[in-house]
Amino acid sequence: MQITANNPSRKSWLEVSSNSDFPIQNIPFGVFLTKDNVMTIGSRIGEYAIDLSALHQLGYFKDIELVDDVFLQDRLNDFIAHGKGIWRQVRNRIADLFDIENAKLQNKKKHRNQIIYDVQDIEMHLPVNVGDYTDFYSSKEHATNVGTIFRDPDNALLPNWLHLPVGYHGRSSSIVPTGKNIHRPYGQSKPAGAEKPVFGPSKLVDFELEMAFITTDVNKLGERIAIENAEDYIFGLVLFNDWSARDIQAWEYVPLGPFLGKSFASTISPWIVTLDALEPFRIESPKQDPKPFEYLQQIGANSFDIQLETFIKPENSDENLVTKSNFKYMYWTMAQQLTHHTSNGCNVRAGDMMGSGTISGPTPDSYGSMLELSWRGTKPIKLSDGSERKFINDNDTVIMRGTCKNKDVKIGFGECSSKLLPAL
Ligand code: CA
């Protein structure tokens, strides 16, 4: 089935400013609370939110094989479990209904009033019930920087890194949507030169600039998937700030890997941009040497050109751009991550979330964490108000944005924003 929703010449009868992240070619999916206190599944065009359960009740999806209450829910899991064919039909239909050439909904004022909300009047919630969250470590630049900082510049990448997408199982319970503030975590750490560890608020809270993809049901327990089919199971992507406490992390991570230094919070952008919407932005991923095992080999353009930015906004001050990176720098692709994940027969389910790992680019202004940007605190970053940052201060807001642009269209992810409050 064609992705007719992506037609770049399409225009909507809803007003969309030229710099909007949400033109009619985007059609993301999310969950919101209306001003009448109704939780619903929706989409967005420009500054308007579209209530998909109202559209469904009014019969606009009636020839698509959808369960009756699929959109009258507080999470997208059931819709995602319907599979790629249905996502594509629904997205194509929404694009048709809001196309300026189509009078069907445009001329029905009563229906429009039931369906369309100003985004100022809604509250975004978590789009999915995340069953399991896995975090990868797939940027070669990031892994090299961290290996250099913490271990040995001559052996920065561990021997397994070029053979498999390294990952760990994270906590899904602490994934929160944009706008939800978090507190500086407590934990154990061992300050440099100290004889004994201490327990108290982390002193080195950091962001990790990542993206995460959300899956549908992939495989039954014991089954593996073929890499050429892996993308069929990826619903879409969000921006992902994987908050990290570097002092807690450094003390606890040997021998079993990340634990409480990572699990206190991860912030996501609330609109899931579908893999279909990103299709025009395919790009080749970095060349892999050595050649991966056959079960991980791919041909063609398997990454996506998504420009990423992170800003720090101190309390009562301006946003400061601290890094510009790009999703295309990832050494291991999403398909390789998902194929590797199921290669032992572990089952992946609808609503599972996979973090890319910190996405660092090749130059020092494209690193995806303060650990790297300030090189473990040795090179503080100057902000516009004259203050300096090695890591994140109390009451700083960290904001991430992501956009794809070509000559025809711009598709964006909105914002992933969260303030770090003092320790409780
Ligand atoms: Ca991470």
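When a residue number appears, it is its place in the shown sequence, counting from 1.
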Please table the atom pairs, donor to acceptor, closer than 3.5 Å between any side-chain atom in residues 140-151 and protein atoms at least two apart or in another chain.
residue: His142; atom: ND1; partner: Glu372; partner atom: OE1; Å: 3.4
residue: His142; atom: ND1; partner: Glu372; partner atom: OE2; Å: 2.7
residue: Thr144; atom: OG1; partner: Lys140; partner atom: O; Å: 2.6
residue: Asn145; atom: ND2; partner: Glu141; partner atom: O; Å: 3.3
residue: Asn145; atom: ND2; partner: Glu372; partner atom: OE1; Å: 2.8
residue: Thr148; atom: OG1; partner: Thr144; partner atom: O; Å: 2.6
residue: Arg151; atom: NH2; partner: Ala156; partner atom: O; Å: 2.6

Can you give each donor-acceptor pair under 3.5 Å made by side-chain atoms of residues 290-297, sequence neighbours left out, with the distance rounded to 0.1 Å?
residue: Tyr295; atom: OH; partner: His340; partner atom: ND1; Å: 2.8
residue: Gln297; atom: NE2; partner: Pro292; partner atom: O; Å: 3.0

Can you list everything that forms a salt bridge (Lys or Arg N to Asp or Glu O under 4.0 Å) with Lys405? Sequence neighbours excluded, please. none
Does Glu315 have any salt bridge (Lys or Arg N to Asp or Glu O under 4.0 Å) partners at least two apart in sequence or in another chain, and if so, which? Lys419
Please report the shortest heavy-atom distance between Val119 and Ala49, naming the atom on each side. CG1-N, 3.8 Å
Member of Asn241, Ile175, Leu239, Thr178 meeting the side-chain contact (heavy atoms from CB on, under 4.5 Å) criterion with Ile268: Ile175
Are Val409 and Pro23 close enough that some pair of their side-chain heavy atoms sits under 4.5 Å apart? yes
Under a 4.0 Å N-O cut-off, is there an ion pair linking Glu415 with Arg401? yes
NZ/NE/NH1/NH2 to OD/OE distance under 4.0 Å, Arg389 and Asp206: no
For Thr358 and Ser139 the tightest heavy-atom approach is O-CB, 3.1 Å
Going by heavy atoms in the side chains, are Leu158 and Val166 under 4.5 Å from each other? no
Tell me whether the rings of Phe29 and Phe79 are parallel (<30°), tilted (30 to 60°) or perpendicular (>60°). tilted
Beyond-backbone contact of Leu308 with Met211, side-chain heavy atoms, under 4.5 angstrom: yes
Any chance you could measure Ile45, atom CD1, to Glu15, atom CD, to the nearest 0.5 Å? 13.0 Å
If you draw a 6.0 Å radius around CZ in Arg88, do more than 12 non-hydrogen atoms from other residues or ligands fall strictly inside? yes
When every non-hydrogen atom of Val348 is compared with those of Asn219, the smallest separation belongs to N-OD1, 2.9 Å
Heavy-atom closest contact (Val218 atom, Thr215 atom, distance): CG2-CB, 4.1 Å
Donor-acceptor pair, Arg91 side chain versus Gln25 backbone, under 3.5 Å? yes
Between Leu237 and Leu275, is there a side-chain heavy-atom distance shorter than 4.5 Å? yes
Given Leu52 and Ile94, is the side-chain contact (heavy atoms from CB on, under 4.5 Å) satisfied, shown in steps? CA-CA 9 Å; Leu52 296 185; Ile94 298 168; 3.6 Å; yes
Hey, could you give me each pair passing side-chain hydrogen bond (donor to acceptor under 3.5 Å, both in side chains) that has a residue in residues 343-357? Not counting sequence neighbours. Asp132-Arg349
Results of ring pair (Phe, Tyr, Trp, His ring centres under 6.0 Å) for Phe98 - residues two or more places apart only: Trp13
Calculate, to the nearest 0.5 Å, the distance between atoms CD1 and NZ belonging to Ile86 and Lys84 respectively. 13.5 Å
Ion pair check, Lys203 and Asp247, cut-off under 4.0 Å: no
Hey, are the side chains of Phe240 and Met353 touching, using non-hydrogen atoms and a 4.5 Å cut-off? yes
Testing the 3.5 Å rule here: is there a donor-acceptor pair between the side chains of Asn6 and Asp276? no
Please walk me through it: do Ser244 and Gln249 pass side chain to side chain donor-acceptor pair (under 3.5 Å)? CA-CA 8 Å; Ser244 299; Gln249 181 185 352; 4.8 Å; no
Hey, could you give me the CD1/OG1 distance between Ile227 and Thr333, rounded to the nearest 0.5 Å? 5.5 Å
Output for pair (Glu65 CD, Gln89 CD), nearest 0.5 Å, gives 8.0 Å
Evaluate the criterion side-chain contact (heavy atoms from CB on, under 4.5 Å) for residue pair Met370 and Ile381; output intermediate values, then yes/no. CA-CA 9 Å; Met370 290 301 284; Ile381 290 179; 4.0 Å; yes
Would you check, one step at a time, whether the test side chain to side chain donor-acceptor pair (under 3.5 Å) holds for Asn302 with Ser285? CA-CA 6 Å; Asn302 301 297; Ser285 56; 5.3 Å; no
Between the side chains of Lys410 and Asp21, is the shortest nitrogen-to-carboxylate-oxygen separation below 4.0 Å, so that they form an ion pair? yes
Spacing of CD1 belonging to Ile272 relative to OG belonging to Ser43, to within rounding of 0.5 Å: 11.0 Å
With side-chain contact (heavy atoms from CB on, under 4.5 Å) as the test, would you mind laying out the steps for His56 and Leu72 before giving the verdict? CA-CA 9 Å; His56 194 18; Leu72 198 61; over 6 Å; no
Is the Phe264 to Trp243 ring centre distance short of 6.0 Å? no
For Trp87 and Phe235, take the angle between the two ring planes, folded into 0 to 90°, and tell me which bin it lands in: parallel under 30, tilted 30 to 60, perpendicular over 60. perpendicular
Is there a side-chain contact between Thr323 and Ser360 (heavy atoms, below 4.5 Å)? no
Straight-line distance of Asp121 CG to Ile116 CD1, nearest 0.5 Å: 13.0 Å
Is it the case that over 12 heavy atoms from other parts of the model lie below 6.0 angstrom from the NZ atom of Lys180? no
As a quick check of understanding, evaluate side-chain contact (heavy atoms from CB on, under 4.5 Å) for Val238 and Val273, giving each step before the final call. CA-CA 7 Å; Val238 290; Val273 176; over 6 Å; no
Do the two ring centres, one from Tyr253 and one from Tyr168, sit under 6.0 Å apart? no
Are side-chain heavy atoms of Phe22 and Val16 found at a separation under 4.5 Å? no
Residue pair Asn393 / Leu420: nearest heavy atoms and the distance that separates them: O-CD2, 3.9 Å
Take atom CZ in Arg75; do more than 12 heavy atoms of anything else shown fall under 6.0 Å from it? yes
Any heavy-atom pair between the side chains of Lys324 and Gln307 that's under 4.5 Å? no
Tell me whether the rings of Phe304 and Phe327 are parallel (<30°), tilted (30 to 60°) or perpendicular (>60°). tilted
Would you say Tyr48 has more than 12 foreign heavy atoms packed within less than 6.0 Å of its OH? no
Evaluate the ring planes of Tyr331 and Trp161, with Trp represented by its six-membered ring, and classify them as parallel (under 30°), tilted (30 to 60°) or perpendicular (over 60°). tilted
Would you name the heavy atoms of Leu421 and Asp394 that are closest together and state the gap between them? O-OD1, 4.0 Å
